[in-house]
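Working notes for the structure below.
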Amino acid sequence: MNPDDVLRVGGAGNKIIQLIEGKASAYVFASPGCKKWDTCAPEVILHAVGGKLTDIHGNALRYNKEVKHMNSAGVLATLRNYDYYASRVPESVKNALVP
């Protein structure tokens, strides 16, 4: 994606706060491993301020009891310009992450 800078902070909630505070432009978790309980509350907060959080393919995350706990298709979140950042995810990354 050719970022200008990479911030390394722990926790999905902390990463969403970085977006909201304008310290980061996008939160990209391009691997499986993040769990639904890591993204559920941060997604609600981000959505409340106009942002968007999806899997790396642009699919909405589901949180009902029938879904797997792992976000196997990664995470992409932004406060603004979601489509721009989504278009910058390499196809090789998308192909490696199964929804």
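Listed for the Asp38 side chain is no donor-acceptor partner under 3.5 Å among the backbone atoms of Cys34. In this structure, the side chain of Asn14 does not engage the main chain of Gly11 through any donor-acceptor pair within 3.5 Å. A donor-acceptor pair under 3.5 Å is formed between the side chain of Lys35 and the backbone N or O of Gly33. Of the possible polar contacts, none joining the His57 side chain to the Gly74 backbone as a donor-acceptor pair under 3.5 Å is found. Proximity of a side-chain donor or acceptor of Lys15 to a complementary backbone N or O of Val9 within less than 3.5 Å is detected.
Under the 4.5 Å side-chain heavy-atom criterion for Ile, Leu, Val, Met, Phe, Trp and Tyr, Val89 and Phe29 are members of distinct hydrophobic clusters.
Screening Val75, Leu61, Thr54 for a side-chain contact (heavy atoms from CB on, under 4.5 Å) involving Glu43 leaves a single residue, Leu61.
For the atom pair OH of Tyr85 and NZ of Lys52, the computed distance is 15.0 Å after rounding to the nearest 0.5 Å. Rounded to the nearest 0.5 angstrom, Asp55 CG and Lys94 NZ are separated by 10.0 Å. Interatomic distance, CG of Leu97 versus OG of Ser31, reported as 7.0 Å (0.5 Å rounding).
Between Leu76 and Tyr82 the shortest side-chain heavy-atom distance falls below 4.5 Å. At a threshold of 4.5 Å between non-hydrogen side-chain atoms, the residues Tyr27 and Ile16 count as touching. Using a 4.5 Å heavy-atom cutoff, the side chains of Ile45 and Ile20 are in contact.
A donor-acceptor contact closer than 3.5 angstrom links the side chains of Asn71 and Lys36. Side-chain atoms of Thr78 and Tyr84 include no donor-acceptor pair closer than 3.5 Å.
Contact detail for Tyr63 and Leu53: the closest heavy-atom pair is OH-CD2, 4.5 Å. Scanning both residues, Ala12 and Thr39, for their nearest heavy atoms gives CB-CG2, 4.4 Å. Closest non-hydrogen pair, Ala30 versus Val93, comes out as CB-CG1, 3.7 Å. Heavy-atom minimum distance, Ser72 versus Pro32: O-CB, 3.7 Å.
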